[in-house]
Every structure is written in C-alpha cells, then in structure tokens.
Amino acid sequence: MLNIFTVHPYLISLIGAVCQTLRFLARIWLPSEDEAQQIEKRNPFILNVLNQFVNGIGQGLLFLFGVIMFDSALSWILGQWVYTDWRYQLPSVVLGLILGLQFVFDTLLKKPEKLELIFASVLIAGQIYFIHFYSAILENLKDQFTLALVYLSVLAVCYAIFSTVQYIIRNISKTEQKKQKSKNQNQQNDSDISRKTPKYLWNIEEKYNKIFTLKWDIILLIIITIEAMLKLYGTSLFIW
Amino acid sequence: MSSRGKSGEFLSNLRAIILKAFLTILLLTPVTVFMLVSYFDVMNEPDKHRPWVSWYDDPAHQIYIGWETEDESIGTVYLGEDPESLSPEKTESTACKIHHINIEGLNADTLYFYDVRIDDESIGKGQFRTAPTEYTPFSFAMTSDTQQPKITKGHHYRIAKAIENRNYTFLSIVGDHIDSGDDKQHFNNFFKTASIYADTIPFVPVIGNHDERGRMYWFTRYYPNSINKTVIPDFPNGQFYWSFNWSNVHFTNCHFTHGYSREFTDTQMDWLENDLKSAKDMPFRIVSFHCPIVGSGFYGRNENLLNIMLPLLKQYNVSAVISGHEHHWERGLFLNEIHPDNDITYLILGGGGGAFDPGLRPQPETIIATPTPCYTEVAASSNSLTFRTLTLEGNLIDTFFMGVS
Ligand SMILES: [Fe+2]
Ligand SMILES: [Fe+2]
C-alpha cells in the first residue's frame, strides 16, 4: 500500500448514483439544446452570462467527480487495496471507469480547444495533488473531508468562471463578426468569419453522441442505482 | 394572440410540466422506497428477543443467559449436558422485561444446552461451551461496528449468516453494536439480527462510542458484564471494562471509545495495569478497546492512546490489540522496543455492518487495509494464534500467524 490517501471504490457507486440522478433531473427540467438557443436569443446578455456561470458550477462538479471516480477505480486496479474482495469492489471499479470517463468527456473533452485542454489538465493535476498528497499533511481525515468540500467548491467555481469568460469572449467575437459582415457583404469577409470559429483539437461529439445515447444513460442509471443500494446492504451486483 | 391560442399554449405547458413531474417521481421513487423500507424495517422491531449468552470474568464456571420479553414475566432456565433431558436450573425471583439469569458452578470445558421457559413455554433454546482450565484448542470470531444506519439495513445480517454455522466459541464485537445507544429500537434491531447466531455463539461485548450514548443505559441493561465498576461524574453508570481467560489466551476489554483524556480514569488504568500484570504468565494477551491507537481512516493517530496505552501494552508484552471505530478493516504492527521478539499486531475490525470509510490514508504502521464487509476468525492452538480475515462470501482477505513470545 502506498502511504497516500486514496478514495475507495465503495464511494464510486454512491457518488455515481447521485451524479447520474442529478444529470437526469437536469435533463428533465432544463431546456433542450434547441430550446436553450431560442431562450439565449430572447434573453438579455447579462442573464445569459449568469446562466452560463450557474451551468458551469454544475458542469464543474460533474467533471471533478468524474476525475475522482476514475482515479479511485484506477487506484484499485493498480493494487492500492486487496483484490480478494473483488466481488464487492469490481462492479464499482468498472462503473467508475465508465462513468468517470463519461463525465470528464461530457463536460470538457468532447471537442476541446487548446485553452480548454490546458485548463482541464490543470484542474486534474490540482485535484490529484489534493486527493493523494495534500491529505498527507492533515492531522485526520475528518479535517480533510471538510477541506475537500471547500476545495471542490473552489475548483467548481474556477470551472464556472473559465466557461463564463469563454462564453463572453465568444460572444464578443461573434458580435464583431456580425458588425463586420454588415459592413462588407462580400465573399472575402465570409471566409474571415469561418477563420474565427473555435478551433478544436479534436471533435468526437458526433461519435460520442452515437455511443452514449439516452438509452445507454438510462441503463447506466439503473445499474449504478442498484449497485449503490446493494453497497449499503454490504453486497454488490457480483454477489448473489 | 387569440384566447384559444393562449389556452392551447397553457395546456401544452401544463402537459409538459406534468410529464416532467411524472418523470421526476419515476426517477426518485426507487431510492425513496429503498430508504423508507429500510427505515421502517430497522425501527419497527418488537421489544422481544431470544436468549443470548455472555459471562463476567470466569467463563470456565459461570455464564449468564439474557433475553427480553414485551411484558414483565418470570423465566426459568433449564440446563443440561444432554439436550434431550434438561432440568430446571434457576428461576427469576422478580418479574422484569430485560432478563439475566446468572448460572454459577458449571464444569469447565463442557458443552451445555439450555432452554428458557416462561409459564412452561419455551421462548428460546441454545447451547454454549464453558472455558477449559487447561490449554485446549479453540476458535473465536471478532468483528466491530455492526451498527445499522437508519436509512439502510447495513450488513450485520450478512455477517450473521456467514458465522451462523461456524461453531465459534464466542463472537467478540469491539464496539458500536448499534448506531444510537439512547434509542432502544436500535438494540431491538441488533438482537433480532444477532438471534441468527446467538443461540450457539456467546457474545464478548466491548463498548463503543455509539453504544455509550444515553449514559450507557441500554447497553449495560443488555450486557451487565462490567457491573459494579466505580461510578464517577464523567461516567455515572461506571466504565465498561472487564477481562477473562479462555484456554491460553487472556482477554482484556477496556473502555476507550474516543480515546479522550476523561476515559483514562485512575480506576480503569489501575485495573488495567493489575489485570495485565496478573496475566503475564499467559501465553497470549489480547487487549480490545473501540478507538484505535492509529488507523488509516477518519480518526488517524490518537495521541492519548499513543502516549498512555501503547507504552503500557509494550511493557506488559501484549500479543495483539483489537479495535473498531474506523469503518474499514486494517492490520498493522507496533514495534516493541521493550520486548523486541514480540511486536504488537493491531487490528481494526470496522467491516462489521456500518457504512464504510470513503477512503483511506495508510499510516506508517499499516500493513494492509480495506473497507469491505468482513469478519476475523482466530484459531488458538497450545502455542499459536492464527488470524484469518474473511469476506462474507468466504474469500480470504488476510491471514497471519502468531507464536508464543
Ligand atoms: Fe462505528
Ligand atoms: Fe465508533
């Protein structure tokens, strides 16, 4: 065992079930992508900025919990714990790998720009440092969990600020483009506009959406909710 | 917009909201039902419990049988070495609800059968073995923190099923039997689950911080093992410490639930020192208390236990120290500078039923740790103890061997 703090797979199923339920609640109550675009057009700019910030906090938390889940599953695979209780742990580990990756890609890594990728890397590095190494200097884990909540909130706010600033910059450039377009209605300026659209390092959105469909999400929700309930009875999907 | 258009929009909005509300209810119902069913399951057991067995300090010749009835009643214990011919051993003198019949003058190393009867109607049968006076092989089980949080049933039930037919001489529960010591419903739930094994496996109770809530009132009503200990302001019902010998092992059970300074009373510390002194010729000495000296979970390193208890354990050459409190299982080692041939193994047995620690940070003394449902069995031979920690499906998590030092 390495003498560092590691989140245990036991927690994955509980965090995963809560996150997946909240994702579905958001899906039910928040407007769809098309509706959101309509609302964005109707709303004043400041309200859209505020909306982006609140959304950013939710997205940030999902990203951060995704990292925790993936990191915990990986720690188990790398042998931080014993393997002989695999029937209890393995379902959480598998779900941690799948959901952890999905949360991280869903929020930031489906089609990242260079700046976004740098930001994601900094967030992940900060979180890994806090989970595994910062905890070593704390007296007891009770302090750590209080601090972890503060730390997670700060990182989520950072995420929200980052996405809000990006939203503002994109909007300003869009407005400039519109102004320019109205000044010079010719082919040359059209190509200028295309140059100013975001440059993604990769774009797997289409493929991603084909794999991680609504059906997939519902199946994962059912599996992880059952696993979380079984965990609270000291059992798991692999124990029958 | 015409009024028909407006009402059409209103209706479609209303339909959308009703659909969303329906989907929300659909989404949240399974978890809510799960929690409610667990809650009512945990909190609605009757005040009626089948017999359990434990003892004070001489299990070779004395045991007590406890049980609980909903109404005040007078019970009789029938006892014998042949289950087919039990004879009346003792009848209570006054009617009560929580009963204990103390039986003395038993033969050592003997298997006894009992039947508890009220108005000649059996309310529970069982068996127990008295301790041997010579070194005889035996095996016992240990776990801790069987407490059930109200919103789930926990897994004490699964521990009970796993040990049910294992013929352990006794089960030591190192604290936190229940979640709220001041709420009788929690004890009802505990004894209902424990009745799966309590007819064949006696209890060796150690007090935990959750057990002592409500000034230890209910805990000491069910387990009078530590009666007549000095009453002091911090502990108006006394402290729960007691010890006994079984074959070649001396068991010392102390009252350190948080490791707070107020728990290190002169009375307990004097008793402990005398107890360890008197057990110095025993091949093995196992000391149990709820709060671990060090642990990888929530509580980390306890300075009081490190500074006061650990030197004492080293001085009196204790073989192993057993704790709970942190909700994971852990084994580690304290180097013993006073007796270098006998480093002290510590175990944390928090895999007994409660919700687990969400993560661990191993201490320098930690050898192995994991939050998983498990219990530990110990096989004692004349010159060794073999510890085996098992998952509830029977997979071996860890094993280690201890010879006489
Ligand atoms: Fe506990
Ligand atoms: Fe405790």
Side-chain angles (χ1 to χ4, degrees), chain A residues 1-12 14-15 17-18 20-25 27-30 68 72 75-76 80-89 131-132 135-136 138-145 148 218 221-222 225-226 228-236 238-240, chain B residues 17 19-24 26-28 30-31 34-35 38 149 151-159 295-303 326-329 351-364 366-374 389-393 395-398:
Chain A
M1 288 185 91
L2 294 175
N3 276 16
I4 52 172
F5 176 79
T6 314
V7 174
H8 193 266
Y10 167 75
L11 197 62
I12 291 178
L14 305 186
I15 295 179
V18 172
Q20 195 69 342
T21 305
L22 290 178
R23 283 181 77 210
F24 267 88
L25 279 178
R27 207 165 187 151
I28 292 168
W29 288 101
L30 297 183
I68 291 177
S72 168
S75 303
W76 189 87
Q80 177 70 352
W81 317 92
V82 293
Y83 291 127
T84 42
D85 56 354
W86 66 270
R87 288 180 69 180
Y88 183 68
Q89 314 295 2
I131 294 173
H132 292 308
S135 67
L138 291 171
E139 275 289 306
N140 62 49
L141 291 186
K142 252 188 178 168
D143 297 343
Q144 182 189 351
F145 277 96
I218 291 173
L221 172 75
I222 293 169
T225 307
I226 293 173
M229 290 189 214
L230 289 173
K231 273 279 179 290
L232 295 174
Y233 274 83
T235 176
S236 89
F238 286 175
I239 297 171
W240 52 84
Chain B
I17 288 172
L19 181 68
K20 284 176 179 188
F22 172 74
L23 288 174
T24 306
L26 196 69
L27 183 67
L28 299 178
V31 177
F34 168 81
M35 286 181 172
S38 302
I151 51 155
T152 100
K153 253 178 90 91
H155 57 269
H156 177 208
Y157 174 79
R158 298 195 63 237
I159 299 254
S296 303
F298 260 120
Y299 303 101
R301 307 180 77 76
N302 187 292
E303 290 305 318
E326 299 204 329
H327 289 195
H328 66 274
W329 181 85
F356 282 116
D357 289 336
L360 297 182
R361 178 184 54 183
Q363 299 288 333
T366 307
I367 294 171
I368 176 173
T370 185
T372 213
C374 63
T389 298
L390 300 155
T391 68
L392 306 185
E393 303 78 63
N395 292 338
L396 186 69
I397 292 177
D398 178 58

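Lettering follows sequence order; numbering is per chain, from 1.
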### Shortest non-hydrogen contact between B:Arg158 and A:Tyr233, atoms and distance
CD-O, 3.5 Å
### Task
Dump the intermediate steps for side chain to side chain contact (heavy atoms under 4.5 Å, CB included) on B:His155 and A:Thr235, then the final yes or no.
CA-CA 8 Å; B:His155 57 269; A:Thr235 176; over 6 Å; no
### Message
Using every non-hydrogen atom in the two residues, find where A:Ile28 and B:Lys20 come nearest and quote the distance to one decimal.
### Response
O-CE, 3.1 Å
### Query
Do B:Leu392 and A:Tyr88 come close enough that some side-chain heavy atom pair is under 4.5 Å?
no
### Query
If you take all heavy atoms of A:Trp81 and B:Thr370, which pair is closest and at what distance?
CE3-CA, 4.2 Å
### Closest non-hydrogen atom pair, A:Leu2 against B:Pro362
O-CG, 3.4 Å
### Query
Which value, rounded to the nearest 0.5 Å, describes the distance between B:Arg361 atom CZ and A:Ile4 atom CD1?
12.0 Å
### Task
Kindly compute the distance separating CG (B:Leu23) from CZ (A:Arg27), expressed to the nearest 0.5 Å.
11.5 Å
### Task
Against chain A, label B:Leu396 side chain, backbone, both or neither, depending on which of its atoms sit under 4.5 Å from a heavy atom there.
backbone
### Message
So for A:Ser75, is it side chain, backbone, both, or neither that comes closer than 4.5 Å to the heavy atoms of chain B?
### Response
neither
### Query
Given that the side chain runs from C-beta out, which part of A:Ile15 has a heavy atom under 4.5 Å from chain B: side chain, backbone, both or neither?
neither
### Message
So for A:Thr21, is it side chain, backbone, both, or neither that comes closer than 4.5 Å to the heavy atoms of chain B?
### Response
both
#### Entry: side-chain hydrogen bond (donor to acceptor under 3.5 Å, both in side chains) partner of A:Asp85, chosen from B:Thr372, B:Thr389, B:Asn395, B:Thr391
B:Thr372
### Task
Look at atom OH of A:Tyr83 and say whether more than 12 heavy atoms of other residues, nucleotides or ligands are closer to it than 6.0 Å.
yes
### Task
Quick one: closest heavy-atom pair of A:Trp29 and B:Thr24, and the distance?
NE1-OG1, 2.8 Å
### Summary
With chain A, the option among B:Asp398, B:Ile397, B:Ile367, B:Asp357 that has the most non-hydrogen atom pairs under 4.5 Å is B:Ile397
### Task
Go through the atoms of A:Tyr10 and report whether side chain, backbone, both or neither lie under 4.5 Å from a heavy atom of chain B.
side chain
### Message
Give me the atom names and distance for the closest heavy-atom approach of B:Pro373 to A:Gly234.
### Response
CG-O, 3.5 Å
### Message
Can you tell me if B:Tyr157 has over 12 outside heavy atoms packed within less than 6.0 Å of its OH?
### Response
no
### Pairwise distance OG1(A:Thr225) to CZ(B:Phe34) - rounded to 0.5 angstrom
11.0 Å
